Amino acid sequence: MELRSPAFEDGGLIPKQYTEDGNNFSPPLRWDGVPAGAAELALIVDDPDAPRPKPFVHWVVYKIPPDAVGLPQGVPRDEELRNPLGAVQGLNDFARYSLGYRGPAPPKGHGVHRYHFHLYALDQPLTLGPGVEKDALLRAMQGHILDEAELIGTYQRA
């Protein structure tokens with residue numbers, strides 16, 4: 001599989017509009033090469049450079065239909081999505097809005113952070129409802145990942 005964004009190149013700077021310093025829109029994502037046997041897709045976005053023991057979670061989306069080709073810019077912070085229909089969102093690590101996408105917000109002066117967008121193709125549908133955390137999603141996916149793709153964006157606050 002291949003995961004990309006029309007908003008930034010792999011390894012490139014995430015534009016401000018997709019960060020806490022801008023409009024905090026989720027960036028548009030596109031993918032292809034989903035394996036024929038995929039039953040659904042899942043997406044996790046996290047920051048391993050956050051000053052804490054575990055990567056900071058920015059977005060969790062799962063139950064994405066296998067025929068979906070991407071996610072639009074500005075996905076609403078709803079439990080269940082209309083585009084793509086059937087997808088649901090999990091919890092991020094922010095306190096103010098715990099559901100849906102929250103953009104990069106590294107501590108000022110902490111340097112460049114890398115934001116990993118992980119897309120997974122799963123061999124069976126998950127039995128999870130909306131609002132799960134990253135670790136619960138990873139446990140549910142264990143042994144069911146057919147393929148995965150990664151896109152990395154960077155961001156830094158002055």
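FYI, the numbering just counts along the sequence from 1. Quantities reported herein were computed from a predicted structural model and do not represent experimental measurements.
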With the side chain counted from C-beta on, respond yes when Asp135 and Lys54 share a heavy-atom pair under 4.5 Å apart, and no when they do not. yes
Gly33 and Met1: which non-hydrogen atoms are nearest, and at how many Å? O-CG, 3.2 Å
Going by an N to O cut-off under 4.0 Å, is there a salt bridge joining Asp46 and Lys134? yes
Check for me, please, whether Tyr115 and Leu3 land in the same ILVMFWY cluster - side-chain distances under 4.5 Å, paths through other members count. yes
Which residue pairs pass the side chain to side chain donor-acceptor pair (under 3.5 Å) test when at least one of the two sits in residues 59-68, sequence neighbours left out? Trp59-Gln89
Beyond-backbone contact of Leu91 with Val60, side-chain heavy atoms, under 4.5 angstrom: no
Determine whether Leu41 and Leu119 make a side-chain contact, defined as any pair of heavy atoms from C-beta on separated by less than 4.5 Å. yes
Kindly indicate whether the side chain of Phe117, heavy atoms from C-beta on, has any atom under 4.5 Å from the side chain of Pro27. yes
Tell me if the CD atom of Glu9 is crowded by more than 12 foreign heavy atoms within 6.0 Å. no
On a heavy-atom basis, which atom in Pro76 and which in Leu81 lie closest, and how many Å separate them? O-CD2, 3.9 Å
Does His58 use its side chain to pair, donor to acceptor, with the backbone of Gly103 at less than 3.5 Å? yes
So which atom in Ala68 and which in Trp31 form the shortest heavy-atom distance, rounded to 0.1 Å? O-NE1, 2.8 Å
Side-chain contact test, heavy atoms from C-beta onward, threshold under 4.5 Å: evaluate it for Leu151 versus Leu29 and give yes or no. yes
Heavy atoms, side chains only, cut-off 4.5 Å: are Asn24 and Tyr101 in contact? yes
In plain terms, say whether Arg114 and Asp49 are close enough for a salt bridge, that is, a side-chain N and a carboxylate O under 4.0 Å apart. yes
Any salt bridge between Arg52 and Asp93, counting N to O under 4.0 Å? yes
More than 12 heavy atoms from other groups under 6.0 Å of CD on Gln73: yes
Would you call Leu99 and Asn92 a side-chain contact if the rule is heavy atoms closer than 4.5 Å? no
Parallel, tilted or perpendicular: ring planes of Phe94 versus Phe56, cut at 30 and 60 degrees: perpendicular
For the student: nearest non-hydrogen atoms of Pro66 and Val34, plus distance: O-CG1, 3.9 Å
Run the side-chain contact (heavy atoms from CB on, under 4.5 Å) check on Arg77 and Arg102 step by step: do they pass? CA-CA 9 Å; Arg77 291 190 183 106; Arg102 291 296 298 270; 3.2 Å; yes
Which heavy atom in Pro35 sits nearest to a heavy atom in Leu146, and how many Å separate them? CG-CB, 4.2 Å
Say whether His113 and Gln156, considering side chains only, have a donor N or O and an acceptor N or O under 3.5 Å apart. no
Is any side-chain heavy atom of Glu148 less than 4.5 Å from a side-chain heavy atom of Tyr120? yes
Is the shortest distance from a Lys or Arg side-chain nitrogen in Asp10 or Arg4 to a carboxylate oxygen in the other one below 4.0 Å? no
